[in-house]
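To keep things clear, I will list the structure first and then write my remarks on it.
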Amino acid sequence: MNKETEIKLRVSRETLAALRDHPLLKKRNKSGWQRCELFNQYFDTPSRDLAGARVALRLRRDGEQIIQTLKSRGQSVAGLSERNEWDWYLKKAKLDTKLLNDDCWPASLAELDKKCLQPIFTTDFVREKAEIAWGRGKAKTVIEAALDLGKVIAGEGEEEICELELELREGEPAALLELACELAADLPLMPCDISKAERGYRLFDSGSYGLALPLPALTAEMALDDAIAAIAWHLLGSSQRLAEQYRWNGHWKLLEQWLQQLIDLRALLGSLGQAAPRASSRELREALDALLADWRPRLAAGRDDEALRHNAPAMFAGELQGNRWGLLSLQLSRWLLQRGWTVGRNARGERQGKATLGNWLPTLLAEEAEGLRLKHYQQFPEALAEQLPRIERLLAWLRMARQVPELPELDRLYGELAKLEALATCANDAEVLVARQAQAHTVATLKPWKLLLK
């Protein structure tokens with residue numbers, strides 16, 4: 001068994017051609033580009049039991065070699081994935097189910113009749129690959145760069161494969177993100193948290209691509225630093241899956257959910273105080289602000305404008321033709337992997353980072369509740385929009401960690417705050433101002449809100 005660590009980046013044909021001659025890859029290319037054609041047949045049962053167990057089984061023809069491979073899904077965030085992989089070299093292009101024994105076969109499939117396995121889809125592509133030497137101090141790092149161009153075919157459906165894969169051959173996983181960030185500064189690269197196999201399943205059954213990632217298991221006893229990492233990885237991974245699926249089908253709701261992940265990420269970065277010195281996240285916050293400045297008003301307008309919703313997929317495609325979304329995603333991944341918020345913080349910041357979430361979060365919520373000054377905005381509802389960042393910080397933490405604070409009726413508090421947030425984004429007409437006054441009063445009279453202010 002091997003452990004495969006790689007990052008997958010969706011690109012255009014133009015970008016694929018530019019990567020081959022990119023100065024960074026040219027300078028560090030130690031093997032030259034080697035070209036091969038890969039023909040891959042994936043197998044599953046008619047009811048897709050393997051997909052349900054998060055494994056992929058394929059036969060690959062690489063020149064004269066026939067390779068049977070079983071891969072586990074493993075962990076994957078923002079295109080950076082770690083998976084277990086088993087390879088067997090066969091004499092003929094026929095699936096050998098005897099090799100799928102207890103050493104590799106998931107226990108959940110122990111009762112499966114392997115005779116039910118059948119071809120489901122193919123992924124055929126041309127790969128150009130090269131070994132890239134990536135210096136990280138004295139540590140030796142070798143990365144295989146692969147430029148893939150071809151098709152996924154399932155029945156009568158097909159989708160183009162056009163991507164850069166960076167696979168770690170030797171060294172630390174952070175090197176993959178460092179190289180990807182360098183390339184993404186020049187070229188539009190979209191981290192893609194969907195494998196070729198997942199694309200095949202999506203073609204085979206359009207509803208098979210699962211968008212929801214499990215919520216992080218936050219507890220009152222965990223350190224704030226660990227909670228920051230868990231929440232941010234979740235939001236980043238969710239944003240990637242939503243972006244990929246919206247690019248695929250153009251459903252407006254997915255774009256709204258994608259924007260919400262960015263809002264929550266921005267709220268998280270703005271809520272950490274000295275545990276994350278502002279200098280450590282300045283570039284990330286500025287990049288998020290730029291995206292939100294463009295996309296928040298578009299989505300607000302699109303709720304009442306069918307033509308804008310119809311044109312949104314083309315606008316999103318235009319976003320992906322630039323490099324800011326992909327670069328931000330990669331920079332966030334690197335920041336999280338290296339725990340960049342801990343760099344340069346003082347002794348008080350260190351104490352906050354190591355504090356338990358159960359002690360830190362109630363203090364944050366109380367400070368934000370006090371700063372919201374609901375009585376003031378009952379009198380001056382026209383100015384409520386200035387408090388939108390504070391409301392979003394409260395909502396982000398209540399959404400991701402509502403099991404941590406020991407307060408009654410938190411679900412109701414969250415729901416009423418969400419209504420206040422929606423009103424804060426509306427234009428200041430007479431009806432909205434009256435509704436803001438009423439909603440601010442409703443929140444202020446809730447039992448959990450009063451307890452926060454004690």
Calculate, to the nearest 0.5 Å, the distance between atoms CG and CG belonging to L224 and L218 respectively.
10.5 Å

Is it true that E244 and R247 have a side-chain N and a carboxylate O under 4.0 angstrom from each other?
yes

Under 3.5 Å, side chain of R309 to main-chain N/O of G302, donor-acceptor pair present?
yes

Using side-chain heavy atoms (C-beta onward) and a distance below 4.5 Å, is E163 in contact with F125?
no

What's the separation between atom CG in L452 and atom CG in L407, rounded to the nearest 0.5 Å?
5.0 Å

Within a radius of less than 6.0 Å around CZ of R348, do more than 12 heavy atoms belonging to other residues, nucleotides or ligands occur?
no

Any heavy-atom pair between the side chains of L19 and L189 that's under 4.5 Å?
yes

Listing request: all ring-ring contact (aromatic ring centres under 6.0 Å, His included) pairs with a residue in residues 389-413, at least two apart in sequence or in separate chains.
W360-W397

L166 vs L177 side-chain heavy atoms within contact, under 4.5 Å:
no

Determine, for R266 against E392, whether the closest basic-nitrogen to carboxylate-oxygen distance falls under 4.0 angstrom.
no

E165 versus R127: any side-chain heavy-atom pair under 4.5 Å?
yes

Can L420 and L374 be said to form a side chain to side chain contact (heavy atoms under 4.5 Å, CB included), step by step?
CA-CA 10 Å; L420 190 65; L374 285 179; 3.9 Å; yes

More than 12 heavy atoms of other residues, nucleotides or ligands under 6.0 Å from CD of E306: is that the case?
no

Residues passing the side-chain contact (heavy atoms from CB on, under 4.5 Å) test with A383, sequence neighbours excluded, are Y377, E386

So, do W341 and R339 sit near enough that their side-chain heavy atoms are less than 4.5 Å apart?
yes

Taking E416's backbone N and O only, do any of them form a donor-acceptor pair with Q439's side chain (distance below 3.5 Å, no angle check)?
yes

One thing to verify: whether R345 and E350 come together as a salt bridge, which I'm taking to mean a side-chain N less than 4.0 angstrom from a carboxylate O.
yes

Using a strict 4.0 Å threshold on nitrogen-to-oxygen distance, state whether R393 and E368 make a salt bridge.
yes

Below 4.5 Å, heavy atoms only, C-beta onward: do L183 and L9 meet side chain to side chain?
no

Rounded distance [0.5 Å steps], CG in L242 versus CD in Q257
5.5 Å

Short N-O contact, E160 and R13, less than 4.0 angstrom:
yes

Trace of the side chain to side chain contact (heavy atoms under 4.5 Å, CB included) decision for I7 with L330:
CA-CA 10 Å; I7 187 164; L330 291 165; 3.5 Å; yes

Donor-acceptor contact below 3.5 Å, side chain H251 vs main chain K253
no

What is the minimum heavy-atom distance between A154 and L203, and which atoms define it?
CB-CB, 3.7 Å

Closest non-hydrogen contact found for L299 with E256 is CD2-CA, 3.3 Å

Are the side chains of L394 and L364 in contact, using a 4.5 Å heavy-atom criterion?
no

Rounded to the nearest 0.5 Å, the CE atom of M400 sits from the CG atom of L235 at a distance of 5.0 Å

Could you name each residue pair satisfying ring-ring contact (aromatic ring centres under 6.0 Å, His included) that touches residues 292-313, not counting sequence neighbours?
W258-W295, W295-F316

Working to the nearest 0.5 angstrom, can you tell me the gap between I231 CD1 and L215 CG?
10.0 Å

Donor-acceptor pair, side chain of E198 and main chain of S195, under 3.5 angstrom
yes

With sequence neighbours left out, write down each residue that passes side chain to side chain donor-acceptor pair (under 3.5 Å) with D305, or none if nothing qualifies.
none

For E167 and K129, what are the C-alpha separation, side-chain angles and deciding distance, and is it a salt bridge (charged side-chain N to carboxylate O under 4.0 Å, His left out)?
CA-CA 10 Å; E167 183 175 348; K129 61 183 180 180; over 6 Å; no

Partners meeting salt bridge (Lys or Arg N to Asp or Glu O under 4.0 Å) with E144 (sequence neighbours left out):
R169

Taking the six-membered ring of Y414, is the NZ or CZ of R402 close enough (under 6.0 Å from the centre) and on axis enough (within 45°)?
yes

Residues two or more places apart in sequence or in another chain: which of them pass side-chain contact (heavy atoms from CB on, under 4.5 Å) with Q260?
I263, D264, R399

Would you confirm whether Q331, through its side chain, and C181, through its main-chain N or O, come within 3.5 Å as a donor-acceptor pair?
no

I want to check something: taking the side chain as every heavy atom from C-beta on, are L147 and L164 in contact at a cut-off of under 4.5 Å?
yes

Residue list, side chain to side chain donor-acceptor pair (under 3.5 Å) with E158, at least two apart or on another chain
K151

By salt bridge (Lys or Arg N to Asp or Glu O under 4.0 Å), R28 pairs with (sequence neighbours left out) none

R202 and Q245: CA distance, side-chain angles, deciding distance, side chain to side chain contact (heavy atoms under 4.5 Å, CB included) verdict
CA-CA 10 Å; R202 185 172 63 181; Q245 192 69 350; 3.0 Å; yes

Examine distances only and state if a side-chain atom of S72 and a backbone atom of N84 form a donor-acceptor pair shorter than 3.5 Å.
yes

Testing the basics here: between I132 and A145, what is the closest heavy-atom pair and its distance to 0.1 Å?
CG1-CB, 3.9 Å

Mark yes or no for whether N323, through its side chain, and L187, through its backbone, hold a donor-acceptor pair below 3.5 Å.
no

Pairwise distance CD(Q352) to CG(L272) - rounded to 0.5 angstrom
9.0 Å

Could you work out, with side-chain contact (heavy atoms from CB on, under 4.5 Å) as the rule, every residue matching P381, not counting sequence neighbours?
L433, R436, Q437

Please step through side chain to side chain contact (heavy atoms under 4.5 Å, CB included) for the pair I194 and R241, ending with a clear verdict.
CA-CA 8 Å; I194 179 172; R241 295 186 80 79; 5.5 Å; no

Using salt bridge (Lys or Arg N to Asp or Glu O under 4.0 Å) as the criterion, list what pairs up with E128, not counting sequence neighbours.
R20

Check whether any side-chain N or O of D44 sits under 3.5 Å from a backbone N or O of A51 as a donor-acceptor pair, and report yes or no.
yes

So which heavy atom on Q403 is nearest to which on P216, and how close?
NE2-O, 4.4 Å

Who are the side chain to side chain donor-acceptor pair (under 3.5 Å) partners of S281, not counting sequence neighbours?
R285

Compare every heavy atom of K196 with every heavy atom of F121, then report the nearest pair and how far apart it is.
CE1-O, 4.3 Å

Scan residues 415-454 for pairs that pass ring-ring contact (aromatic ring centres under 6.0 Å, His included), counting only residues two or more places apart or in two chains.
none

For a quick test of reading the model, state the closest non-hydrogen atom pair linking L451 to P408 and the distance between them.
CD1-CD, 3.5 Å

If you draw a 6.0 Å radius around CD in E283, do more than 12 non-hydrogen atoms from other residues or ligands fall strictly inside?
no

